[in-house]
Amino acid sequence: MFTLSVTVLLWYTYVQRKKDMEGFGEMVPDSIKEDVRAFLIYSIIATVFFVVLLLVILVMRKRVAFAVELLNQAGKGLIAMPLLLIQPVWTFIALLLFFAYWCVVMLFLSVTGKPIQYNNTINGEMHVEYQEGELISYFWWYHVIGLIWIAEFILACQQFVIGACVADWYFTRDKKSFSSPILRNIGYLIRYHFGSVAFGSFIITLVKIPRAILMYMQSKMKGSESELVRFMLKCLSCCLWCLEKFLKFLNANAYTVIAIEGKHFCFSAKRAFMILVSNALRVAAINCVGDFVLFLGKLGVAGLTALSGILILEAIDDLNYFAVPLLAAAIFAFLIACAFFSIYEMTIDSLLICFCEDTRVNDGSPAKPYFMESGLMEFVSNSSKAIDDEGAAAASAAAPAPVTAKEGVDVRYAAPEEVEPALQSEKLYPDLKDEDK
């Protein structure tokens, strides 16, 4: 309905602006013509988008309902932890402060070296240049690599904190008494897992640097290299870009596994990879439909901003051309929405990892009940039918067998050494440690 309302309003605005243009007769200002043409383009794009959206909803209505239920669970988690929504603000401030520090250091490096004085023979002015030594050139590279690494490290810290908070919320039985664990998980990160996060961000840096070098070579060799060289450079850049996206997705899920299991990065990355592979159909459905729904939310924010702008600017009689400012405001709103909706995306991905670990360790029996809420259990049982009965059977067959205790041992009363290692996770079975004490 919202998309339809925006489309109708854009066409209505276009018709009104066209009538106003016809009132000028033959002496129509160029700004009015451009304004009418811009609204015609906006209206056509909105109409095409509405038709495509309508067709997608009709064809994928069951999968959309599947993703919406998971979004509902993510919304419950964010309601329990509202301060997670301002994490992009703190991340942006940290990145801004680091970039300011980086610029200051670069400024000092640019004036570091042996000063050499030059006298201008024409006007008698004196110039001083700093001749860099070999050591300073190495510091330039060190500082550039540090920019990429630390920036990725700050973003990885945000991903870890969000994943740890979502895992805390998911693996809490009594969610009514749940308190926000943000500060606790920040301390958990600093005390135990700084190295894992730094290592994960360093892997991303190792991919980013060759890709940046290839892009630099492309810009320098533009117009001079052969078609074959240009094609090879573009192929290598594309491969590195795909590898970078894959590693970022794997790292984000690995940080959630680190928060759940408390293990090092390599173990957690391997476990996250196995979870994603064994639940490939489920991951594909959630990512495709979930990302599409979130994209609609971002467009909704941009559309609401544009709608508000139209209503406000239409009331100003002296303003004839406002299509470009309106577009700029909508783009700016879309970018801000992307920053905050990224929290939703990370929450959904973390919930998926928690769900997979929950189903791997537990089987829903009284001895090993699920940690998930009833709504999520309903969602899981319905999703296997909604997506594909055959595909769900294949996914469950590919998944590893649930971890169980030794035969004949009740998990609730067993000693820690009698339970499989995966069942001794502090978040999955906190009772074990209390009973052991």
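Note that the structure is a prediction, hence the values are computed from the model and not measured. Counting begins at 1 with the first residue of the sequence.
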F153 ring center near F194 ring center (under 6.0 Å): yes

Ring geometry between Y101 and H143 (parallel below 30°, tilted from 30 to 60°, perpendicular above 60°): perpendicular

Worked verdict on I182 versus Q87 for side-chain contact (heavy atoms from CB on, under 4.5 Å): CA-CA 10 Å; I182 296 177; Q87 288 301 303; 3.9 Å; yes

Close side-chain approach of K270 to C266, heavy-atom, < 4.5 Å: no

side-chain contact (heavy atoms from CB on, under 4.5 Å) between T13 and Y42, intermediate numbers included: CA-CA 10 Å; T13 306; Y42 298 161; over 6 Å; no

Which atom of C354 lies closest to which atom of A167, heavy atoms considered: SG-CA, 3.7 Å

CE (M106) with more than 12 external heavy atoms under 6.0 Å: yes

Over all atoms of both residues, closest heavy-atom pair of A254 and F265: CB-CE1, 4.2 Å

Side-chain heavy-atom pair D168, M81 within 4.5 angstrom cut-off: no

Min side-chain heavy-atom separation N185-Y188 under 4.5 Å: yes

F246 CZ to N251 CG distance, which is reported to the nearest 0.5 Å: 9.5 Å

Neighbour count above 12 (heavy atom, 6.0 Å) for F92 CZ: no

From N253 atom CG to S268 atom OG, the distance as rounded to the nearest 0.5 Å: 11.0 Å

Taking every non-hydrogen atom, the tightest pair across R271 and V257: CG-CG1, 3.8 Å

Heavy-atom neighbours of F334 CZ exceed 12 at 6.0 Å: yes

Evaluation steps, side-chain contact (heavy atoms from CB on, under 4.5 Å), between W169 and Q73: CA-CA 11 Å; W169 176 80; Q73 294 296 322; 4.2 Å; yes

Close side-chain approach of F332 to T305, heavy-atom, < 4.5 Å: no

ring-ring contact (aromatic ring centres under 6.0 Å, His included) partners of Y14, counting only residues at least two apart: W11

Donor-acceptor contact present, side-chain H193 to main-chain S196, <3.5 Å: no

Electrostatic pair K298-E345, nearest N-O below 4.0 angstrom: yes

Enclosure of K175 NZ (heavy-atom neighbours >12, cutoff 6.0 Å): yes

Spatial distance of atom CD1 (I162) from atom OG (S350) [nearest 0.5 Å]: 7.5 Å

Gap between atom CD1 of I154 and atom CZ of F99 - 0.5 Å precision: 12.0 Å

Residue that, paired with I45, satisfies side chain to side chain contact (heavy atoms under 4.5 Å, CB included) out of T47, V48, I41: I41

Shortest non-hydrogen contact from L326 toward F39: CD2-CZ, 4.2 Å

Pairwise distance CD(E152) to CD(E244) - rounded to 0.5 angstrom: 6.5 Å

Nearest atoms (heavy-atom pairs only) where E357 meets I260: CG-CD1, 4.3 Å

Within-4.5 Å side-chain heavy-atom neighbours: K248 and I204: yes

Check: T91 side chain, L155 main-chain N or O, donor-acceptor pair, under 3.5 Å: no

Non-hydrogen side-chain atoms of F139 and V105 separated by less than 4.5 Å: no

L183 CG: over 12 foreign heavy atoms closer than 6.0 Å: no

Heavy-atom closest contact (D174 atom, S177 atom, distance): OD2-OG, 2.9 Å

Euclidean distance, I145 CD1 relative to I209 CD1, rounded to 0.5 Å: 4.0 Å

Within 6.0 Å of CH2 in W102, more than 12 heavy atoms from elsewhere: yes

Check: T256 and V166 side chains under 4.5 Å, non-hydrogen atoms: no

Contacts of F202 that satisfy ring-ring contact (aromatic ring centres under 6.0 Å, His included) - sequence neighbours left out: W149

Side-chain heavy-atom pair L147, F98 within 4.5 angstrom cut-off: yes

Audit row: S237, W241, side-chain contact (heavy atoms from CB on, under 4.5 Å) steps and yes/no: CA-CA 6 Å; S237 298; W241 180 83; over 6 Å; no

